[in-house]
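Everything on this sheet refers to the single structure shown next.
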Amino acid sequence: MQMIQETADLSAYLAADEVIDHHHPLVRETAARLADGVADSYEYARVAFEFVRDTIPHSQDSGDMRVTWRASDVLERGTGICYAKAHALTALLRAEDIPTALCYQKFDVVHGLVAVRFNGAWHRQDPRGNKPGVDARFSLEGERLAFTPDSASNEMDYPVLYAAPHPVVLDVLKAAPDRPHLWNTLPTAL
């Protein structure tokens with residue numbers, strides 16, 4: 001799949017905002033802790049990915065009713081669905097000056113993941129969290145995502161690499177008082 005940057009300005013994929021709040025002290029502290037002792041930015045990206053994938057449970061898998069959307073809240077509360085976990089990973093990577101984009105796939109609902117830029121190319125990563133039947137891995141040598149779309153079932157990869165969360169996704173997250181409500185309002189398309 002040919003990925004398309006939403007903007008040609010690479011600095012947009014390093015920016016902080018209300019959601020990707022990598023200026024927040026908790027994000028900075030977490031990034032510094034994860035960066036301690038790593039050899040380079042590649043290793044840091046893998047360590048940050050594994051931290052989000054493995055230590056922040058996907059709220060549907062864990063049964064957590066809380067809805068998080070801001071990166072610092074995901075880290076503080078230790079929970080989130082795919083979009084929220086992608087926001088947290090994006091903030092941790094951008095905190096260490098690694099260009100990171102948000103991207104999406106369409107299944108029954110829209111699924112969120114990230115893309116990191118190394119050596120002039122984008123590499124998609126899925127920090128959703130593993131479970132039986134899901135084995136996502138950090139990889140710069142071919143994708144190891146949680147899910148693979150089936151075009152015969154009208155599933156797809158959206159090619160756009162967003163600098164900020166898609167407004168449809170963010171609106172749904174912000175409006176949800178709890179996960180059951182969120183589950184009934186998840187976007188089915190972008």
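Small disclaimer: the values here were computed from a predicted structure and weren't measured.
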Side-chain ([X]) to main-chain ([Y]) donor-acceptor, under 3.5 angstrom:
X: K85; Y: P127; value: yes
X: T30; Y: R28; value: no
X: Y158; Y: L190; value: yes
X: D40; Y: Y42; value: yes
X: T185; Y: L182; value: yes
X: R94; Y: T100; value: yes
X: Q125; Y: S139; value: yes

Below 4.5 Å, heavy atoms only, C-beta onward: do [X] and [Y] meet side chain to side chain?
X: V116; Y: L140; result: yes
X: T68; Y: T79; result: yes
X: H87; Y: L173; result: yes
X: Y104; Y: V169; result: yes
X: P180; Y: M65; result: yes
X: L93; Y: Y44; result: yes
X: L186; Y: V110; result: no

Can you tell me how far CH2 of W122 sits from SG of C103, rounded to the nearest 0.5 angstrom?
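Answer rounded to 0.5 Å: 9.0 Å.
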Please enumerate all residues that pass side chain to side chain contact (heavy atoms under 4.5 Å, CB included) together with E155, with sequence neighbours excluded.
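With neighbours one apart ignored, the set is F107, P149, D150, S153.
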With R53, which residues qualify under side chain to side chain contact (heavy atoms under 4.5 Å, CB included), at least two apart?
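Expected list: F49, E50, N130, R137.
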So with a 6.0 Å cut-off around CG of D135, is the heavy-atom count from everything else above 12?
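Above 12, so yes.
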Which residue pairs pass the salt bridge (Lys or Arg N to Asp or Glu O under 4.0 Å) test with at least one member in residues 109-132, sequence neighbours excluded?
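Output for this query lists D61-R128, D61-K131, R124-E143, R124-D157.
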Pairs satisfying salt bridge (Lys or Arg N to Asp or Glu O under 4.0 Å), at least one member in residues 167-180, at least two apart
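As it turns out, the salt bridge (Lys or Arg N to Asp or Glu O under 4.0 Å) pairs with a partner in residues 167-180, which skip direct neighbours, are E18-K174.
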Tell me which donor-acceptor pairs under 3.5 Å the side chains of residues 7-17 have, and how far apart each pair is, sequence neighbours excluded?
| residue | atom | partner | partner atom | Å |
| --- | --- | --- | --- | --- |
| T7 | OG1 | D9 | N | 3.2 |
| D9 | OD1 | S11 | N | 3.1 |
| D9 | OD1 | S11 | OG | 2.6 |
| D9 | OD2 | S11 | OG | 3.0 |
| Y13 | OH | E6 | N | 2.9 |
| Y13 | OH | T7 | N | 3.4 |
| Y13 | OH | L161 | O | 2.8 |
| D17 | OD1 | V19 | N | 2.8 |
| D17 | OD1 | I20 | N | 2.6 |

Among the clusters formed by ILVMFWY side chains lying less than 4.5 Å apart, do L34 and L89 turn up in the same one?
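The answer is yes; both residues are in one hydrophobic cluster.
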Applying ring-ring contact (aromatic ring centres under 6.0 Å, His included), can you list everything that pairs with H166, at least two apart in sequence or on another chain?
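Per chain and number, H166 pairs via ring-ring contact (aromatic ring centres under 6.0 Å, His included) with Y162.
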